[in-house]
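What follows is a short report on a single structure.
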There are 4 protein chains.
Amino acid sequence: MTEKPRRRLPRAVREEQIVDAALEVFSQRGYHAAAVDEICERAGISKPMVYLYLGSKEAVFIACVRRESERLVTTLREAAHTGDTPEARLWAGLEAFFRFVTDHRDGWVVLHRHAADVGEAVAGEIDRARRAIMTEVTRLVRDGISLVGEPGTPATRLGGEDAEFVGHALVGAADSLTDWMERHPRRSAEDTALRMMNMVWIGMRQVLGGEVWTPPGRR
Amino acid sequence: MTEKPRRRLPRAVREEQIVDAALEVFSQRGYHAAAVDEICERAGISKPMVYLYLGSKEAVFIACVRRESERLVTTLREAAHTGDTPEARLWAGLEAFFRFVTDHRDGWVVLHRHAADVGEAVAGEIDRARRAIMTEVTRLVRDGISLVGEPGTPATRLGGEDAEFVGHALVGAADSLTDWMERHPRRSAEDTALRMMNMVWIGMRQVLGGEVWTPPGRR
Amino acid sequence: MTEKPRRRLPRAVREEQIVDAALEVFSQRGYHAAAVDEICERAGISKPMVYLYLGSKEAVFIACVRRESERLVTTLREAAHTGDTPEARLWAGLEAFFRFVTDHRDGWVVLHRHAADVGEAVAGEIDRARRAIMTEVTRLVRDGISLVGEPGTPATRLGGEDAEFVGHALVGAADSLTDWMERHPRRSAEDTALRMMNMVWIGMRQVLGGEVWTPPGRR
Amino acid sequence: MTEKPRRRLPRAVREEQIVDAALEVFSQRGYHAAAVDEICERAGISKPMVYLYLGSKEAVFIACVRRESERLVTTLREAAHTGDTPEARLWAGLEAFFRFVTDHRDGWVVLHRHAADVGEAVAGEIDRARRAIMTEVTRLVRDGISLVGEPGTPATRLGGEDAEFVGHALVGAADSLTDWMERHPRRSAEDTALRMMNMVWIGMRQVLGGEVWTPPGRR
DNA sequence: TATGAATGAGAGTTCATTCAT
DNA sequence: TATGAATGAACTCTCATTCAT
């Protein structure tokens, strides 16, 4: 009798609520299995509102992708300004990433676990989001590593293609480690980031220092 | 007189044809967007046959996953027996992986690009497939690296948790690099594998040699 | 200071505005395709107002029909008093009709192009409107033609059934010629009326003079 | 228990049944008010069949329009070949028309009582159907009347614009008389046609003979 | 073995309509 | 008086699935 959850909210608030609810449902069920009805129910709202405000199921999904993408990009960008040395920046970036994934599991699922099976509009938006993230990471890597060698040795800077390569590898690895984290719940985001630094940074230092690996047969 | 494309084929052959067709369709369209009708059409067979042989759309998809998973696992396992040294085995494994992805694009898509949005049965099967692959890679890593140090120094062997960590990182990175490859078409599977070795192996050697990275603040 | 287009108008004015707007929309889109939202927008008013004043979409439509019907009936009635001879009255009636259709296109569309596809209440109202028009035309025809023969020969007067027949034929023809006019834009209302007189009146004169047509086979 | 109305009918038969049922429903309810569900029910068939065979509600409606339009056009065309003289042909045409409307009430409603309120595709098809009918009638009129005068007096032939005018008037009048017939059920199609001939033909004869009507004021 | 014919169940979407302010 | 916020109810359409032959 007493606690009707407040009606007549202003539009902006309701939109936010809808995206919140949608994120949960999309993340749990996937795009197709997600029923608009369930989103409504969880948002405590009726279907016409969703369509009035967002326009279509696709648009709701896109709104989710966009918001989470922006959040993650912002997070990464801020981390990149945190440390003084490139090493510190990469470290901060990795840590920020794993923290984001831990805290916004739903967002990450929506961003990275929805490849196929989705209309062009949605696929395009996801692609855009991923590129944005990749760009951020690639920049982190390139700018960071350009300073690895002694000052004045810009030759050691990673080229564009190399930086992209490392970017892809890092994002992919980090994404996959997301699963690893779920199976080792005691491992914190920081812990995971630390392991990655050990796996990646030490080698990179060497490589930039000139060390090269060649296949056994060709040595 | 007529040239109807062979009727009355034995069951095994028909099933294989169905899976072939289904793999293409699932890979191109995704699980939901894939219409059973299209699979039938491409397999040159009628719908009731598909249901008679495989039982349901889910079952068809599972059959695809299972077959491709086995193929990849076999490929990886064979690669692991190829070289003498652990280094050679990891190299062979990576190369085999990228070659598989290049040659069996559809299979890989079905295995790795279908996380959410799918019934429990399917999700379970995909999960099983991924674990199988991960197991293979983890083994590759652990067995390989256990010998990195001098003989007789098993202390440097990677622990279970560490090996799993590296396994996840490798698979994730490799998966993501799949996209990178598509954007750099001239880069062969071997080329990509080579880059990964440079990124991963050199560092790992150091780490196993005892080198440890610690965050800037705590040094 | 602000120039919001007049608020707090008296009810009668508002209703008139609503009907004006509704007429446009109904005429352009048809009853179903007409969105109440668009009517509101075009009337510069909010939805609850429309419902407060008119009650329902049906009621709005009925109000349109009623108003336009009255206008047309009035127009026809006035025309029927214009001329001295029956011939002149019919001529005036036809001219008035085509002028009305030309000048109140929307009204005519609402009156005559909405037969099916509409609830009973609306259908009833449309029917009533049409009967009113038909009555007017039938009277025009009967009273007119009753005098065609010499005075003192009431036998030539059209009977009720005949008058109704001619009334239907005239209204139908005139309605259809509405389309013809649209395809020959240079033809004025007067022009069209003239053609109809030539088509109808001359024959009618003969018929009332006793001439009868019989099918070829029965002569 | 005994009379399940035959299942597994060949496609062509089912399509015909669907159009039959649809015609009834569209005619009674109008395009929008007609629910596909009701069409299915009346056709003794399930919804997917309708969509499999015809494709959409619009397409079903269009199929109705097309079929009835063809029927009517055929009827008119045949009638036009029936008589020797133009007079006889016009008479046959009118009679055929009223008979068609009497026997295929639903078809006529679908053809002529669905002006506004309908998507472009449907509107286009209706328009096409109406033009076809109008063409037929116009031809009937023109070819007929060209011979009205004595042989060798082609000057009396109706010009294109005039013929179109008369065509519109005739179709409109006939359409409207359809309502008149419903209110005088004892009047047969032949009867109605006879009245129209009396109303139209006698006058037309005069007009083509050179008689012209001019407004009172200008004489 | 093989298939054309058929369907149950549910999805997204769009109104006209009404609270609550 | 006037309105932004909200909804119930219905509709078209699609798909995996199964008869009946």
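Given the structure is predicted, the values throughout are model-derived calculations rather than measurements. Proteins get letters first, then strands, A, B, ... in listed order; numbering begins at 1 in each.
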Check: C:Arg42 side chain, C:Ala22 main-chain N or O, donor-acceptor pair, under 3.5 Å: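 Not a single qualifying donor-acceptor pair exists.
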B:Lys57 (side chain) donor-acceptor with B:Ala34 (main chain) under 3.5 angstrom: yes
A:Tyr53 vs D:Gly55, nearer the 5' end of DNA chain F by closest nucleotide: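 Counting from the 5' end, the first nearest nucleotide belongs to A:Tyr53.
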Under 4.5 Å between any side-chain heavy atoms of [X] and [Y], yes or no?
X: B:Tyr53; Y: B:Arg14; value: yes
X: D:Leu111; Y: D:Ile126; value: no
X: C:Val50; Y: C:Ile45; value: yes
X: A:Val110; Y: A:Leu23; value: yes

5'-to-3' dot-bracket of DNA chain E (Watson-Crick, G-U; under 3.5 angstrom; crossing pairs as [ ]; | other strand): .||||||||||||||||||||
Grab the [atom1]-[atom2] distance between [X] and [N] for me, whole Å please.
X: D:Phe26; N: F:dT12; atom1: CZ; atom2: C1'; answer: 12 Å
X: D:Leu9; N: E:dT7; atom1: CG; atom2: P; answer: 10 Å
X: B:Tyr51; N: E:dT7; atom1: OH; atom2: C1'; answer: 13 Å
X: B:Arg14; N: E:dT1; atom1: CZ; atom2: P; answer: 11 Å
X: D:Leu52; N: E:dA5; atom1: CG; atom2: P; answer: 9 Å
X: D:Met49; N: F:dT18; atom1: CE; atom2: P; answer: 16 Å
X: B:Ile18; N: E:dA2; atom1: CD1; atom2: P; answer: 10 Å
X: D:His32; N: F:dT12; atom1: NE2; atom2: P; answer: 10 Å

Any N/O donor-acceptor pair, A:Lys47 side-chain to E:dT13 base, under 3.5 Å: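 Checked by distance alone, the answer is yes.
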Aromatic plane relationship, D:Phe61 with D:Tyr31 - under 30° parallel, 30 to 60° tilted, over 60° perpendicular: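 D:Tyr31 vs D:Phe61 ring planes: perpendicular.
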Sugar-phosphate, base or nothing in reach of D:Ile45, heavy atoms under 4.0 Å: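 Touches sugar-phosphate only.
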From C:Arg105 atom CZ to C:Gln28 atom CD, the distance as rounded to the nearest 0.5 Å: 12.5 Å
Distance in Å, A:Asp37 CG paired with A:Ser46 OG, rounded so as to fall on 0.5 Å steps: 10.5 Å
Shortest side-chain distance from D:Ala35, nucleotide among F:dC11, E:dT17, E:dC19: F:dC11
Out of E:dT3, E:dG8, E:dT17, whichever nucleotide has its closest atom nearest the side chain of B:Pro48: E:dT3
Given DNA chain E, 5'-ward residue of the pair B:Ser46 and C:Asp37, judged by closest heavy atom: B:Ser46
Interface with DNA chain E, restricted to residues 57-68 of chain D and to heavy atoms under 4.0 Å: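 Result for residues 57-68 of chain D: none.
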